[in-house]
Amino acid sequence: MHRVSRTSRRPPATVRQPGPGLRARLRRDRVMLLLVLPGFLFFVVFHYVPLLGNVIVFQDYQPYLGFKDSPWVGFGNFSVFTEPDFYRALLNTLKFAVLQLALFFPAPIGLALLLNSIVSPRIKRFVQSVVYLPHFIGWVILISISQQLIGGTGLLPQLLGDLGLPRVDLMTNPGFFPWLVTLQLIWKDAGWGTIIYLAALLNIDTEHYEAAAIDGADRWRRLWHVTLPGIVPVTLLLLILNLGSILSVGFEQILLQRDAVGADAAEVLDTYVYFHGVLDGQWGPAAAVGLVKGVIGLVLILGANKLAHRFGHEGIYSR
């Protein structure tokens, strides 16, 4: 009896056909490459080339001398981290960041869930348009409206005066300022932030809701077991991205109101870099603050993404 050897049972090896060369692939994909080219150039010119300017962190940078002739000072510019003004700006920034992470970040999620629960499409579109509009209002106009509502001569103090209560000026109250900034941010951008969450809610399969209803799940159980798990990947993605810019708590918004409450309450890292770096000409120390802020954001993104992988989620990029 003929015995078949083990090697003869292996499937025949597939012959790998050589792919097209680089020149052929460039010619084949030239239309797609031309479409990508403007975006690629944008990131190179405005995001990667400016990174070379971080060299002034190690220089006593003088604009009239330039990068080449400015004297090198090693890590001398990092002595800015021992100054009391920097610690004041850092503490204020952390205070603002925690409030925004606790109040502003979940606001679009709650608003998207409320919008998704509206049955009438006409009312839903109207409410969506109303909550989107504040995003297109500039900070100057929005702060002016805040001044008219809760400023010293605004609507709220007048109502309190008419009721015989003491007038309050919330626009110049340093203790209320972090809450004021967070509430203004929610007012302006919470509606705009619902767009992504509404898109995620639309992608949830309706059969999951039907199956849950057949199993006897009420509205709150369907929300807890179907809706919220359906938007967890998007929520984690946006949370990780927000952590990267957690120390950027709003430059223009805070700068416009800084004089009203004073630097002790309103100085943050962004305004510190502006006043000490641009106005006072301390380019090197200000650049050192900006560089460390960027490094902290990068570490937070990498750490949060690794934590997401550990809990079985994709994060912003795969392992």
Side-chain angles (χ1 to χ4, degrees), residues 4-59 61 63 65-70 72 74-75 77 135 192-193 195-205 230-248 251 270 273 283-284 286-319:
V4 180
S5 64
R6 296 182 64 182
T7 55
S8 63
R9 295 177 182 175
R10 294 178 181 174
T14 56
V15 180
R16 189 173 182 178
Q17 298 294 331
L22 177 61
R23 184 173 298 179
R25 282 182 289 168
L26 291 176
R27 190 182 305 111
R28 181 193 63 189
D29 300 332
R30 60 184 180 278
V31 176
M32 300 301 295
L33 292 173
L34 285 175
L35 290 175
V36 172
L37 185 61
F40 175 76
L41 291 177
F42 172 81
F43 278 98
V44 170
V45 173
F46 294 104
H47 290 266
Y48 286 95
V49 172
L51 289 176
L52 300 175
N54 283 318
V55 71
I56 69 174
V57 172
F58 308 101
Q59 289 182 323
Y61 178 71
L65 294 177
F67 298 116
K68 185 178 178 181
D69 296 327
S70 295
W72 295 90
F75 290 92
N77 288 325
H135 175 73
W192 185 256
I195 294 176
I196 297 177
Y197 293 107
L198 286 173
L201 289 171
L202 290 176
N203 285 329
I204 298 176
D205 196 341
I231 61 174
V232 163
V234 174
T235 305
L236 279 177
L237 174 66
L238 295 179
L239 178 61
I240 294 173
L241 293 177
N242 282 338
L243 286 177
S245 58
I246 193 171
L247 296 182
S248 299
F251 172 73
D270 289 335
V273 170
W283 305 96
V289 174
L291 179 63
V292 170
K293 197 179 77 169
V295 171
I296 291 174
L298 177 62
V299 171
L300 288 176
I301 285 181
L302 295 177
N305 197 69
K306 189 170 184 178
L307 198 62
H309 289 166
R310 182 162 297 182
F311 284 95
H313 296 281
E314 288 293 332
I316 57 174
Y317 56 85
S318 58
R319 302 180 186 183

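The first residue in the sequence is number 1, and the count goes up from there.
- Considering CG of L33 and CZ of R27, their distance stands at 12.5 Å, rounded to 0.5 Å.
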- [ ] Walk me through it: do V273 and F251 pass the test side-chain contact (heavy atoms from CB on, under 4.5 Å)?
- [x] CA-CA 10 Å; V273 170; F251 172 73; over 6 Å; no

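- G66 approaches Y61 most closely through the heavy-atom pair C-CE1, 3.8 Å.
- At least one side-chain heavy atom of F67 sits under 4.5 Å from a side-chain heavy atom of I56.
- One finds the CG atom of L298 at 12.0 Å from the CG atom of L243 (value rounded to the nearest 0.5 Å).
- Screening residues 286-295 for side chain to side chain donor-acceptor pair (under 3.5 Å) gives S248-K293, D270-K293 as the qualifying pairs, with residues at least two apart or on separate chains.
- Few gaps surround CG on L237; more than 12 heavy atoms of other groups in view lie less than 6.0 Å from it.
- Distance CG/L241 to CG/L300: 12.5 Å, rounded to 0.5 Å.
- Within the model, atoms CG of L202 and OH of Y197 stand 15.0 Å from one another, a figure rounded to the nearest 0.5 Å.
- A side-chain donor-acceptor contact under 3.5 Å links N77 to the backbone of Q59.
- I296 contributes atom CD1, which lies 5.5 Å from atom CG of L247 (distance to the nearest 0.5 angstrom).
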Mind listing the side-chain donor-acceptor pairs of residues 35-53 below 3.5 Å, one per line with the distance, residues two or more places apart or on another chain?
none

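- The only member of N203, L201, I196 that meets side-chain contact (heavy atoms from CB on, under 4.5 Å) when paired with I231 is L201.
- Listed by chain and number, the residues in a side-chain contact (heavy atoms from CB on, under 4.5 Å) with I301 are I240, I316 (sequence neighbours excluded).
- The distance from atom CG of L302 to atom CG of L307, rounded to the nearest 0.5 Å, is 12.5 Å.
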